[in-house]
Asks: 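Can you read through this structure? Questions will come right after.
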Amino acid sequence: MDDVEKAILISFDESGAIDSALKSQAVSFCQQIKETPTVCRLCIEKLCFCRLVQVQFWCLQTLHELIRVKYALLSLQEKDFMRKSVFSMCCFEAIDDQNNNAVRILEGGPAFIKNKLAQVFVALVYFEYPLTWSSVFVDFLPHLRKGAVVIDMFCRILNALDDELISLDFPRTSEEMGVAGRVKDAMRQQCITQIVTFWYDVVSMYWNSDPDLCSGVLDSMRRYISWIDIGLIVNDLFIPLLFQLILVDGGSDQLQGAAAGCVLAVVSKRMDHQSKLSILQSLQINRVFGLVTGDGDSELVSKVATLITGYAAEVLQCYKWVNTDDAKGVSLELLNEVLPSVFYAMRNFEVGTTFSIVQFLSCYVATMKSLSPLREKQLRQVGQILEVICARIRYDPIYRDNLDMLDKIGREEEERMAESRKDLFLLLRSVGRVAPDVTQIFIRNSLASSISSMSERNVEEVEASLSLLHALGESLSDEAIKTGSGLLHELVPNLLSTSFPCHSNRLVALVYLETITRYMKFVQENTRYVPMVLAAFLDERGIHHPNFHVSRRASYLFMRVVKLLKAKLVPFIENILQSLQDTVARFTTMNHISNEFSGSEDAIHIFEAIGLLIGMEDLPPEKQSDYLSSLLTPLCHQVEALLINANVLNPEESPVKIANIQQIIMAINALSKGFSERLVTTSRPAIGVMFKKTLDILLQILVVFPKIEPLRNKVTSFIHRMVDTLGASVFPCLPKALGQLLAESEEIRELQELQKTFYTFLHVITTHDLSSVFLSTKSRGYLDKMMHLLLHSACNHKDILVRKACVQIFIRLIKDWCTRPYGEEKVPGFQRFIIDGFAMNCCFDSALDKSFEFHDANTLILFGEIVLAQKVMYEKFGDDFLAHFVTKCFTSAHCPQDLASQYCQKLQGNDMKALRSFYQSHIENLRFQQNGSLVFK
């Protein structure tokens, strides 16, 4: 090995065994080589004689950069030399025929080297075809006779041409769009017919002996069908061949799936709807229906299901847009033929094919409105659609324990299902509008069927049926629920009177309570069901459920029920308070506040519900005072005791006691919400006196703990509440309250406001295309300090919105100050600062910190900006960003290699939602790993 090869190997080393200084020298040396005028010949020479894949990749990458960035600066001789050399390598020819040691890259080279070579070839096509290198494709075709190696390379070139230039799946500049149009026009005129002939000849000749090669050919062909003459594919030769491949017994799943992908491309090609309908009719797609009933996990079945779905969607579009009755009749006939297979596919296949099917069914249901009244066939189809929805919203029993315990796997599955159900419930709502009676009968029968089995094994079926009933309620108006329209007068009482054997399951219990709450307007009009509602919330099905997540949610829903029913609950207040005695005791009894309430405001809803109940004027004054006193007195005693002992608390006890005080304030605050100003100041002033005494006690907290921000916030919130509740009678208490609140805090507040104003100023400058101001002579001296301040705040500021603004500033500066990969730096050192500082500290380390709370809405918005920043850094810095970031976030964290590959794929794609979801999952996994809770496999 010479020095160049050694330097390349060292620069690619990720083992950690190479000294960092030596590696930096190697990277610098390689960069210097790229700047030499002879780098083109050096790379070609290395590609001819060196078998080290790292060296081959570096040379190809350097050639690609050279073409993309500096091609116009090369001499005609250099361009000619590069063109001939790259063409020879792609055609499996040695560049130096005189040397027996010459290397042929296509001979045993790994796939990523061949793909890189194809990328270099396409870069030349970008600049030279068809004006300079007009015969490139015509010259290539004769070499395909050399066999599989060259055929495979040609397919890689066609794929790269699609990825790099033609495909509209990636954002393109206007210049790129113009070049793509020129290339497609030239290929249509010059060579596309020969290429299609080549596709047909290879597939018809090798499908049995080399199915992998033929799969690659068909995959390339699929990409081009959208813009070539459809008659080249839809003819008596190609279509029969494609269906032969799809239907062959015992064939390669990959090859059959590739053929199905080509047929789907034909089906999806844009054209006028009458012509499209003729093609769809000629395909005789019913030949493949039987394949859908095969193994649901196979690639073939998934591809055929996608084909059927795409076909059905196109037929439906034809039905909507053709003008003649005959054409509409043909469309409807084809649609009725394919629908049973569509329904089967949706009931049995995973989300990959389901989303497009949901879109199709939603569109189909929308067209049913024009068929009103529905015929018998359409009514049967409505029933089948409802069966599909019910099947798709049902959880897999394999996750039952995970969902009940709500561990990491359970949370992920619940989130996945929640996302999937959004579209399905929208579809249910549409079906309910088109056929309300059929929908309600289906839900009634589904619920009855799940109840009849009365088995613990029936958890998923029960949960799905209850979810359908809840979703139905979401689609109905309050008036329809009040009057019990349709079958609601039967469904709601059945729901309230049923005790499911699987009620101990978290999901069943939750959806049961949510559904009862959704139909509470019905109970409001039919008060005989009130005792049944109270029992459901107050016994082990609700607030006393053994699962903490259920009992906490039940507390919130019960508060909503109390708000709605209110006066109708007066006869039951005594029983309600007795049922809640143990829950209330957790707050009113010393040392009984348990950790499960810590940080949870949901549990406080119990006190708000009680306040709503005992705050009504329907209660006798004596009882009202007794009820309130029995709650306020022990809570205030606890606060007083904690304040007296505050000076003797040891450091370990202090956070717990402070948390206890916080929760007590929250409980009192919630309790007071049920009392109106008129009641506590006019009709029953004794109640007002109780709250004034309580306020005096809580104000002492500010004296004992003047600098504990959470306590100050909670007391401030209670003061606001007392102003609303006590009105003018609270004024005598305010001077003392304001005096405590303002102590030592005004200067801090002013500094915080000044800092926010500064960040707002920077944000406005960058988002209004004024970032060049920072580069002026007067501003340059402050640039370094400003960047480090922004970085620190982006990573550590307590205000999430400030952190978001700082990240947005960085994103804009990267866009403004950094050209595309390998361009000249506008601000020297800025790119390195961003990659080493911002990318690592903000986009990775800060997200790993436990203070980064994914359940907070603002934090999720910040996280979205962090992910967007990664996308922008990749677009601007290319592999330089990837190499450093992947090493830190994946390799150094000992993650599996495929995770890093998945990250790179998603970063290079266009689905920001998928990238954000993947990166969030990765960060959460690393947190578990740090806590010893997760081991990567």
Side-chain angles (χ1 to χ4, degrees), residues 466 469-470 473-474 478 481 492-493 495-500 503-588 593-594 596-597 600-616 618-619 627-628 630-631 635 663 666-675:
L466 288 171
L469 182 55
H470 180 266
E474 292 288 302
D478 287 346
I481 294 176
V492 178
L495 176 71
L496 292 169
S497 61
T498 300
S499 178
F500 298 100
H503 234 122
S504 59
N505 179 271
R506 183 184 68 88
L507 285 177
V508 171
L510 283 174
V511 72
Y512 179 75
L513 295 172
E514 296 280 359
T515 306
I516 290 177
T517 306
R518 184 66 192 90
Y519 288 97
M520 201 47 56
K521 293 280 186 184
F522 177 84
V523 177
Q524 193 178 23
E525 298 298 312
N526 299 271
T527 54
R528 63 184 180 277
Y529 297 114
V530 168
M532 299 168 74
V533 170
L534 292 176
F537 277 99
L538 297 174
D539 63 20
E540 65 282 355
R541 290 174 290 174
I543 292 169
H544 291 92
H545 195 282
N547 186 295
F548 167 63
H549 297 286
V550 176
S551 61
R552 190 171 68 175
R553 183 64 178 169
S555 301
Y556 167 71
L557 294 176
F558 179 66
M559 180 270 294
R560 283 178 50 190
V561 168
V562 170
K563 272 187 178 180
L564 190 64
L565 297 180
K566 216 165 179 185
K568 294 180 171 59
L569 297 177
V570 171
F572 307 97
I573 288 180
E574 193 74 42
N575 291 335
I576 292 171
L577 294 178
Q578 287 179 0
S579 298
L580 295 174
Q581 203 165 17
D582 58 337
T583 304
V584 172
R586 297 175 185 177
F587 282 81
T588 57
I593 298 181
S594 63
E596 67 186 27
F597 279 86
S600 165
E601 296 195 15
D602 279 343
I604 305 301
H605 291 304
I606 287 291
F607 279 85
E608 185 171 349
I610 292 174
L612 291 167
L613 288 170
I614 67 175
M616 291 187 286
D618 303 70
L619 266 70
Y627 286 147
L628 184 59
S630 67
L631 293 164
L635 290 172
Q663 292 175 37
M666 290 163 62
I668 296 173
N669 201 349
L671 186 68
S672 68
K673 292 180 181 179
F675 294 83

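Values below: all heavy atoms of this structure, side chains included; hydrogens, waters and symmetry mates excluded. All values derive from a computational prediction rather than experimental measurement.
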Asks: Between NZ of K673 and NZ of K563, what distance do you get to the nearest 0.5 Å?
Replies: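 Atom-to-atom, K673:NZ and K563:NZ are 7.0 Å apart.
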Asks: Of the non-hydrogen atoms in A536 and Y512, which two are nearest, and what is the gap between them?
Replies: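 Nearest heavy atoms, A536 then Y512: CB-CE2, 4.1 Å.
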Asks: Counting distance only, does the side-chain N/O of H545 pair as donor-acceptor with the main-chain N or O of R506 below 3.5 Å?
Replies: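 No, the answer is negative, given that no donor and acceptor are paired below the 3.5 Å cut-off.
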Asks: Which atom names give the shortest non-hydrogen contact between L619 and I614, and what distance separates them?
Replies: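 So the minimum-distance heavy-atom pair works out to CD2-CA, 3.9 Å.
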Asks: Would you compute the distance between atom CG of N575 and atom CG of L534 and round it to the nearest 0.5 angstrom?
Replies: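 Reported to 0.5 Å precision, the distance equals 8.5 Å.
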Asks: Could you state the interatomic distance from CZ (R518) to CG (D478), rounded to the nearest 0.5 Å?
Replies: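 That separation rounds to 6.0 Å.
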Asks: Measuring from atom CG of L469 to atom OG1 of T515, what distance do you get when rounded to the nearest 0.5 angstrom?
Replies: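 Answer rounded to 0.5 Å: 5.5 Å.
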Asks: Of the non-hydrogen atoms in Q524 and L565, which two are nearest, and what is the gap between them?
Replies: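 Result for this residue pair: CA-CD2, 3.9 Å.
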Asks: So which heavy atom on T583 is nearest to which on H544, and how close?
Replies: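 Closest approach of T583 to H544, heavy atoms only: OG1-NE2, 4.2 Å.
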Asks: Hey, is the main chain of F522 close enough, under 3.5 Å, to the side chain of Y529 for a donor-acceptor pair?
Replies: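 It does not hold such a pair.
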Asks: Main chain of V508, side chain of H503: is a donor-acceptor contact present, judged purely on distance under 3.5 Å?
Replies: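 No.
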Asks: Taking N526 for the side chain and R528 for the main chain, is one N or O donor matched with an acceptor at less than 3.5 Å?
Replies: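 The answer is no, because no donor-acceptor pair under 3.5 Å joins these two groups.
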Asks: Under the criterion side-chain contact (heavy atoms from CB on, under 4.5 Å), I'd like the reasoning laid out for L671 against L628: C-alpha separation, chi angles, the key distance, then a yes or no.
Replies: CA-CA 9 Å; L671 186 68; L628 184 59; 3.8 Å; yes
Asks: For side-chain contact (heavy atoms from CB on, under 4.5 Å), just list the numbers for L513 and R553, CA-CA rounded to whole Å, side-chain angles, deciding distance to a tenth of an Å, and then say yes or no.
Replies: CA-CA 9 Å; L513 295 172; R553 183 64 178 169; 6.0 Å; no
Asks: Testing the basics here: between G542 and A554, what is the closest heavy-atom pair and its distance to 0.1 Å?
Replies: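 Closest pair (atom of G542, atom of A554, distance): C-CB, 3.4 Å.
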Asks: Do you know which two heavy atoms are closest between L612 and K566, and how far apart they sit?
Replies: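 Looks like O-CE, 3.8 Å.
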Asks: Passes side-chain contact (heavy atoms from CB on, under 4.5 Å), K521 versus L564? Steps please.
Replies: CA-CA 8 Å; K521 293 280 186 184; L564 190 64; 3.8 Å; yes
Asks: Could you state the interatomic distance from CD1 (I543) to CD1 (I606), rounded to the nearest 0.5 Å?
Replies: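 Reported to 0.5 Å precision, the distance equals 3.5 Å.
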Asks: Anything under 30° is parallel, anything over 60° is perpendicular, the rest tilted; go ahead and classify F558 against F537.
Replies: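 The rings of F558 and F537 sit tilted, inter-plane angle from 30° to 60°.
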Asks: Roughly how far, to the nearest 0.5 Å, is CG of L495 from CG of L466?
Replies: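 Rounded to the nearest 0.5 Å, the CG-CG separation comes to 6.5 Å.
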Asks: Check the pair I668 / F607 against side-chain contact (heavy atoms from CB on, under 4.5 Å), numbers first and verdict last.
Replies: CA-CA 8 Å; I668 296 173; F607 279 85; over 6 Å; no
Asks: Could you verify whether a donor N or O on one side chain and an acceptor N or O on the other, from Y556 and E608, lie under 3.5 Å apart?
Replies: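 The criterion, which ignores hydrogens and geometry beyond distance, is not satisfied for E608 and Y556.
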